[in-house]
There are 2 protein chains.
Amino acid sequence: MERRIRIKDIAEKAGVSTGTVDRVIHKRGNVSPKTKQKVKQVMEELGYEPNIIASMLAYNRVFKIAALLPDYHVDPYWQQPKIGIDKAIESIKHYGVEVIPFYFNLFKAEEFSQQANNILDQSKEFSGVLLAPLFLKEASELLKQCSEKHIPTAMINTNIENSESLCYIGQDSYQSGVLAGRLIDFGCDKVDTTLVLNLAKGVTNAKHLLDKERGFRDYFNSLPEKEITVLKKDFEDFTDDAKLSRFLKTIFEQHPKTTGIFVTNSRAYRIAKCLQLIGKKEVKIVGYDLLEENLQYLRSNDISFLINQNPVQQGYFGIMNLVNHLLLKKEIDPLQYLPLDIVVNENVEYYLKRALEFSIVV
Amino acid sequence: MERRIRIKDIAEKAGVSTGTVDRVIHKRGNVSPKTKQKVKQVMEELGYEPNIIASMLAYNRVFKIAALLPDYHVDPYWQQPKIGIDKAIESIKHYGVEVIPFYFNLFKAEEFSQQANNILDQSKEFSGVLLAPLFLKEASELLKQCSEKHIPTAMINTNIENSESLCYIGQDSYQSGVLAGRLIDFGCDKVDTTLVLNLAKGVTNAKHLLDKERGFRDYFNSLPEKEITVLKKDFEDFTDDAKLSRFLKTIFEQHPKTTGIFVTNSRAYRIAKCLQLIGKKEVKIVGYDLLEENLQYLRSNDISFLINQNPVQQGYFGIMNLVNHLLLKKEIDPLQYLPLDIVVNENVEYYLKRALEFSIVV
DNA sequence: TTTTTTTGTGTGTACGAACACAAAAACAAA
DNA sequence: TTTGTTTTTGTGTTCGTACACACAAAAAAA
C-alpha cells in the first residue's frame, strides 16, 4: 500500500505550512483566496483523506449525548434499546463519547416533557440527543428546540415525520402491518374474520399503531379473491386476565369465525394466556418482540409468529449515527428502516443470541 | 467523566518511568520481578484501560489479511460476501488494515489448493486469513499450515469443525434445514411428500448440504401426527431448463403428492422457472438467498420463502473478527451463527436495503 | 506619517502509546 | 579495584492532527 497522504505532504506540495493546510481543512478562515485555492487543488490531486485516528487523538474532547427513553422498569421492552446503547458506548468509549440517560414513564407525557426540559436546561453540555419520541406534541417541541440550538437528534422506535431530526432508526410500521396480514393469512386456509388488538393504556392515538392497522387492512384488501373482515379493538385493562378473557369471549361469541389475532405491540403473550384460559386453541396469534413472556408461547406454538423490531439495534445504531455525524462528519441516511424479522420457534435462538452478542468493536 | 488513566499516571504512582510500565504491559521482559509486581498492582488499582486510539497511531504498521473466496464471476452469490468485506475495509482502513483477495472457481478444488499455496508462499506478509473452506480436505490442510505459522484464520459460509480456526461465521446448516421443514409444513395443510433438491455440479459430499437435509428430515420426523415422505435428489445439469423440467416431471409422475420442494442452495429460481414451464402451480418452494433471480419469483409468489444466509454480514464480520483479534486483542467467539432470516415478499426490501447500507463506520 | 487593527502565515506543543536507544545499576571475572 | 558483561530502568522521538501562539505584512484609522 502506498503511503497515506498527510497534511504535511499537502503543505510541502502546495508550498505552505501545515498550519495553513489545517486552516483550509477546518475552514478556520484567515487564508488568502489564492492560497486556499492552491491547497484545495493539491488536496484533490493527492486524494487526501484525514487520518481519523490521529485526528481523534489530537481532538481530545468529550462528547456528551443525552438519551431520552422510557423507563424499562415500567415496560421491560425498553431494556433492549438500552442494551444496544450500552453496546454502542462500549464500542466508542475510546473516542471520548459519553451517554447520559434520561428516563420517563411511557404512559406519562408530562414526565417526557419534564425530562426534555432537563436536557434543554443543560443543553450546552450535550452535543447530541437520542430519543424515543412517543408523544407527538411534546417530542416535536423538543426536536424544534434542539434544532434551533443546532443539536442533532436521532429518533428511535417512533418516527416523527417532517421534524428536523438527523435520522429515524426503527421499523416501518405500515409495512409491519402488511407483513402481519400476510402471516395471519398464510397459516389459515379459510380466514374469515381477523382481529387487530391494541393493548395499551390511555387513548392511544399513537401514529405507529394506526399505521400498523392500516397496513394490516391493506394487505387483506389487496386480496381480491378473499372476503375477509378485519375487526379492530382497543383494550386498556390488559393486566387483568379475567377481564381480558371475558372481553375475548365476547368477541368470539359475536364473531365466531375469528381465526387470527394481530396484537400491535409486545403484549401478545397476554392474549395467548387468555386464549388458553378460555380454551380457544385454533386461533393464530401474531405479535411483536422477543420478550421472555412471548417466547414461552412461541415455543409452545401458541403464538405463531413474532415480528422482531430489532430494538437492540435501534439503540445501537441511534448512538452510532450520532457519533458518525458528530465525530466523523459522515452523511447520515435520515430514514433507516430495520428489517422486519419473522421469528418462529425454529429460528428464534439466533435472534436472541445476536441481540446479546453483536457489536462491532473497533 | 473522570480523566482516563494513562501510562504516565501509572508510572508516577508506581515510582517508575513510562518505559518500564510499557515493558510490563507488553511483556517485553527485562523488568525485575518486584518492579513488575508493583506496576501490575498499580494498574489494577487505577483500572488502567489502554487508549486504543493513541495505541493505533503509535503502532503505525500495516496489517495484511488474505481473503480466499470463490470467484463471483462463476457464482453471483459470492458477490455478497465480497460486498461485506469491502464494507469492512471501509470501516477499518484508518487502522492500517489491508485485505488482499484470492479467488478460486467454486467447482474446482485444485484451484482452491493453488490459491491456498499462493497465500502460504507469502505467508510472512499476512497477519490473518479469511476463507470460505468449501473443500474439506484442501481447506483443512490450509488451516493446519496457518495454525502452525500462528496466522489466525476466520471461516465463513462453511464450518470445518475441530479445526484450529479462530472462528466460524455463518449459518447453522442443520437448523436452517429444520426451519425449511417448518416453512414447507406451515403453508400446506396436507403435506404428503416433500423433496430435498440439491442442484450442484460434481459429487457434492459437502457437509453443510447434508446437514440441511438432516435438519429437514428431523423436522418432519418430529411430527408424530403426520406421516410425511421426504425424498432426496441430486441434479447436476441444472442450467439446462429442458433437462431439469423433464427431471421434475418424472418426479411428479412417480410422486404425485409432492407439495413442497426444498432447494438446498441459492438456485431455487431454476426450479421455479421449470415448474412454470411444466405448469405446476400448487407446489411450494423454499430456497436460499436474495439473488435477483430468486427475488423475481418471490415477488410473484412462485417461491414461498427464501432463507437469508446474511452473506454480506458473513464477509463483514469475518474481517471484523480478525481485526478485533489482531489489533484489539479481543476474545473472539469461535462459533458465530448468523440469524436465519425468513424472507417473504412483504419484508424483502429491508433485507436488501440493509445489505447495501449497513456498516458501522467508526 | 505614525499608530492601530486586521489578515495571513509559520512554528511549536499536545494528545497517549510504542519503541529505539542511552544510561545506570547489578553482577561477574580478573 | 578495575574492567567487562548483563540486566534493569529512563529518556526521547515518532505517529498525524489540532490548535494556541508568535510574528509578519497589509489595510485601516489616527
Side-chain angles (χ1 to χ4, degrees), chain A residues 1-40 42-43 46-63 93-97 326-329, chain B residues 1-40 42-43 46-63 92-97 127 326-329:
Chain A
M1 187 164 80
E2 339 73 54
R3 214 184 179 313
R4 291 196 55 190
I5 304 299
R6 300 161 303 170
I7 286 185
K8 205 175 164 187
D9 301 318
I10 297 168
E12 273 167 25
K13 184 142 188 203
V16 295
S17 72
T18 59
T20 300
V21 177
D22 179 75
R23 274 182 286 267
V24 172
I25 290 173
H26 292 90
K27 302 185 176 122
R28 294 195 218 281
N30 290 329
V31 182
S32 72
K34 76 169 185 295
T35 315
K36 189 169 169 179
Q37 179 51 38
K38 175 72 185 167
V39 169
K40 280 193 165 174
V42 174
M43 273 172 53
L46 300 184
Y48 173 71
E49 285 192 59
N51 182 325
I52 303 185
I53 300 298
S55 172
M56 299 294 339
L57 182 62
Y59 192 65
N60 197 38
R61 214 160 63 179
V62 173
F63 278 105
K93 61 175 181 208
H94 307 107
Y95 293 86
V97 179
L326 290 167
L327 272 71
L328 311 184
K329 284 138 184 53
Chain B
M1 188 164 79
E2 337 73 53
R3 215 187 179 313
R4 289 197 56 190
I5 303 300
R6 302 161 301 172
I7 283 186
K8 208 176 161 186
D9 301 318
I10 297 168
E12 272 167 26
K13 184 141 189 204
V16 295
S17 71
T18 60
T20 301
V21 176
D22 179 75
R23 270 182 289 267
V24 172
I25 291 173
H26 292 90
K27 303 187 177 120
R28 294 195 218 282
N30 289 329
V31 181
S32 73
K34 77 168 184 294
T35 317
K36 188 168 170 182
Q37 179 52 34
K38 175 74 184 164
V39 170
K40 280 192 165 174
V42 173
M43 275 172 55
L46 300 184
Y48 174 70
E49 284 192 59
N51 182 324
I52 301 186
I53 300 297
S55 173
M56 298 295 338
L57 181 62
Y59 193 66
N60 197 38
R61 214 159 65 178
V62 174
F63 279 104
I92 50 166
K93 63 176 179 207
H94 306 108
Y95 293 86
V97 178
S127 316
L326 289 167
L327 273 70
L328 311 184
K329 282 138 186 51

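Proteins get letters first, then strands, A, B, ... in listed order; numbering begins at 1 in each. Quick note: numbers below take in every heavy atom, side chains included, and nothing from hydrogens, waters or symmetry partners.
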* Side-chain N or O of A:Tyr95 less than 4.0 angstrom from OP1 or OP2 on C:dG16? ->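 Indeed not, no polar side-chain atom of A:Tyr95 lies that close.
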* Report yes if a side-chain nitrogen or oxygen of A:Thr20 is closer than 4.0 Å to either non-bridging phosphate oxygen (OP1 or OP2) of C:dG10; otherwise report no. =>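 Yes, within the criterion.
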* Contact class for A:Asn30 vs. all strands (heavy atom < 4.0 Å): base, sugar-phosphate, or nothing? ->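 The answer is base, as A:Asn30 lies within the cut-off (heavy atoms under 4.0 Å) of a base atom.
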* To do: Answer with base, sugar-phosphate or nothing: what part of the nucleic acid does A:Asn60 contact at a heavy-atom distance below 4.0 Å?
  =>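 A:Asn60: backbone/sugar contact only, no base atoms under 4.0 Å.
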Whole Å only: how far is the [atom1] atom of [X] from the [atom2] atom of [N]?
{"X": "B:Ile52", "N": "C:dA18", "atom1": "CD1", "atom2": "C1'", "result": "15 Å"}
{"X": "B:His26", "N": "C:dA18", "atom1": "NE2", "atom2": "P", "result": "3 Å"}
{"X": "B:Glu49", "N": "C:dA17", "atom1": "CD", "atom2": "C1'", "result": "15 Å"}
{"X": "B:Lys27", "N": "C:dA18", "atom1": "NZ", "atom2": "P", "result": "13 Å"}
{"X": "A:His94", "N": "C:dA17", "atom1": "NE2", "atom2": "C1'", "result": "13 Å"}
{"X": "B:Lys8", "N": "C:dA18", "atom1": "NZ", "atom2": "P", "result": "16 Å"}

* Polar side-chain atom of B:Arg28 near backbone of B:Asp22 as donor-acceptor pair, under 3.5 Å ->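 Not confirmed, B:Arg28 side chain does not pair with B:Asp22 backbone.
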* Asked: Quick one: how far along DNA chain D does chain A reach, first to last nucleotide 5' to 3', anything under 4.0 Å to a heavy atom?
  ->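 The contact span of chain A on DNA chain D goes from D:dG16 to D:dC19.
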* Want to settle it: does B:Asp22 or B:Leu57 sit nearer the 5' end of DNA chain C, counting the closest nucleotide to each? ->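 Going by which nucleotide is closer to the 5' end, it is B:Leu57.
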